[in-house]
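All values reported here derive from a predicted model rather than from experimental measurement.
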Amino acid sequence: MQLAKSFEQAACVLVLLATQQPDVPLTADVLHERIGGSASYIRKIIRKLVVAGLVTSTSGNNGGVHLARSPEDISITDVVAAIEGTLQTFPNYGYFDQVFKDVEPVAHEGTKVVNGIFSRADQLWLDFLDQQKLATLIKELLVVNRIPVLDWTNYSDDKMGQLNALLSRMRSHK
């Protein structure tokens with residue numbers, strides 16, 4: 001199974017929101033500037049995250065998006081479900097039933113058997129991803145014990161310089 005490109009973009013949106021100062025919302029424009037791609041597509045991803053309850057959105061001059069839940073409470077399964085919808089890796093075109101159409105009693109059982117195998121595999125995969133939390137992803141990605149926080153909205157600052165300095169301080173205090 002291969003996740004859509006939008007899954008990775010959604011994960012990046014959530015990582016940026018988790019590292020953003022909690023009292024300062026991020027706009028779609030700021031998210032687009034950091035992630036790249038199409039600005040309208042980033043907005044569509046944000047909408048899916050809002051509908052899924054992972055992100056809250058506020059309109060207006062001081063509007064933007066925040067995480068709706070703590071990074072410790074957001075699993076990778078939550079992100080997969082928000083972006084991909086219901087997972088079903090086996091496409092079920094009915095070929096197994098076609099191959100065995102003249103063989104009783106298996107004539108209509110082929111697809112059921114294969115669906116069952118892939119359904120169990122899908123559930124095992126989702127159960128594993130459900131144990132993987134956004135907070136853990138960020139901490140392991142940045143090699144720190146806690147999530148760093150900065151203001152991604154201030155365009156005049158050197159964000160990567162700030163982040164690198166913050167990460168260096170955090171790593172030296174392990």
Side-chain angles (χ1 to χ4, degrees), residues 1-89 122-171 173:
M1 159 159 198
Q2 184 171 349
L3 297 172
K5 177 174 72 170
S6 55
F7 168 81
E8 186 176 0
Q9 292 169 314
C12 288
V13 166
L14 294 172
V15 167
L16 287 168
L17 291 174
T19 57
Q20 173 63 15
Q21 288 179 356
D23 58 332
V24 181
L26 284 181
T27 64
D29 290 337
V30 170
L31 291 165
H32 170 253
E33 179 182 308
R34 294 294 324 158
I35 298 168
S38 161
S40 63
Y41 201 67
I42 294 294
R43 284 182 180 82
K44 288 178 185 178
I45 290 169
I46 291 168
R47 181 71 191 137
K48 286 183 176 186
L49 296 172
V50 168
V51 169
L54 301 177
V55 168
T56 57
S57 177
T58 307
S59 58
N61 288 340
N62 295 321
V65 291
H66 290 94
L67 284 183
R69 303 191 321 235
S70 162
E72 289 81 7
D73 296 328
I74 297 174
S75 73
I76 303 304
T77 297
D78 295 331
V79 186
V80 170
I83 300 304
E84 303 285 342
T86 304
L87 180 69
Q88 185 176 356
T89 56
D122 291 346
Q123 193 56 56
L124 288 169
W125 189 64
L126 289 172
D127 290 345
F128 174 79
L129 292 180
D130 199 46
Q131 300 304 311
Q132 311 309 307
K133 303 299 180 185
L134 179 64
T136 305
L137 181 145
I138 295 167
K139 292 172 194 175
E140 288 182 9
L141 176 74
L142 299 175
V143 192
V144 292
N145 291 328
R146 61 185 171 84
I147 298 173
V149 175
L150 62 151
D151 183 4
W152 293 103
T153 65
N154 189 338
Y155 292 108
S156 64
D157 292 342
D158 172 18
K159 293 291 170 255
M160 290 301 105
Q162 279 184 352
L163 182 58
N164 282 321
L166 180 58
L167 292 174
S168 291
R169 285 192 307 273
M170 292 173 79
R171 290 175 187 143
H173 291 111

Visitor: Under 3.5 Å, side chain of N164 to main-chain N/O of G161, donor-acceptor pair present?
Guide: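 Side chain of N164 to backbone of G161, a donor-acceptor pair under 3.5 Å: no, none is there.
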Visitor: Do the non-hydrogen side-chain atoms of W125 and L87 ever get within less than 4.5 Å of each other?
Guide: yes
Visitor: State, to 0.1 Å, how close W152 and Q20 come at their nearest heavy-atom pair, and which atoms those are.
Guide: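 It is N-OE1, 2.7 Å.
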Visitor: Testing the basics here: between L166 and V149, what is the closest heavy-atom pair and its distance to 0.1 Å?
Guide: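 In terms of heavy atoms, the two residues are closest at CD2-O, 3.7 Å.
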Visitor: Any chance you could measure T77, atom OG1, to F128, atom CZ, to the nearest 0.5 Å?
Guide: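 So the OG1 of T77 and the CZ of F128 are separated by 9.5 Å.
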Visitor: As an exercise, state the distance from CD1 of I46 to CG of L31, rounded to the nearest 0.5 Å.
Guide: 5.0 Å
Visitor: State, to 0.1 Å, how close A4 and E84 come at their nearest heavy-atom pair, and which atoms those are.
Guide: N-OE2, 2.7 Å
Visitor: Rounded to the nearest 0.5 Å, what's the gap from CD1 on I42 to CZ on R47? Could you check?
Guide: 16.0 Å
Visitor: Just verifying a value: how many Å separate I147 CD1 and T136 OG1, rounded to the nearest 0.5 Å?
Guide: 8.5 Å
Visitor: Are the side chain of R171 and the backbone of V143 linked by a donor-acceptor contact shorter than 3.5 Å?
Guide: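 Checking the backbone N and O of V143 against the side chain of R171, a donor-acceptor pair under 3.5 Å is found.
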Visitor: Is a donor on one side and an acceptor on the other found under 3.5 Å between the side chain of K159 and the backbone of D151?
Guide: yes
Visitor: First locate atom CG of L141, then atom CD1 of I138, and finally report the distance between them rounded to the nearest 0.5 Å.
Guide: 8.0 Å
Visitor: Got a donor-acceptor contact below 3.5 angstrom from the K48 side chain to the V79 backbone?
Guide: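 Answer holds: no.
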Visitor: What heavy-atom pair brings H32 and S38 nearest, and what distance separates the two atoms?
Guide: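 Shortest heavy-atom contact: CD2-C, 3.7 Å.
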Visitor: On a heavy-atom basis, which atom in L16 and which in I35 lie closest, and how many Å separate them?
Guide: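 Smallest interatomic distance, heavy atoms only, reads CD1-CG1, 4.0 Å.
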Visitor: Taking atom CD of Q21 as the centre, report whether more than 12 heavy atoms of other residues, nucleotides or ligands fall under 6.0 Å from it.
Guide: yes
Visitor: Regarding D127 and Q131, is there a side-chain donor-to-acceptor distance under 3.5 Å anywhere?
Guide: no
Visitor: Is the backbone N or O of P148 less than 3.5 Å from a side-chain atom of T19, with the two atoms forming a donor-acceptor pair by type?
Guide: no
Visitor: Shortest non-hydrogen contact from P71 to K133?
Guide: O-CB, 4.0 Å
Visitor: Give, for atom CD of Q132 and atom CG of D78, the distance between the pair rounded to the nearest 0.5 Å.
Guide: 12.5 Å
Visitor: Is the shortest side-chain heavy-atom distance between K139 and N145 below 4.5 Å?
Guide: no
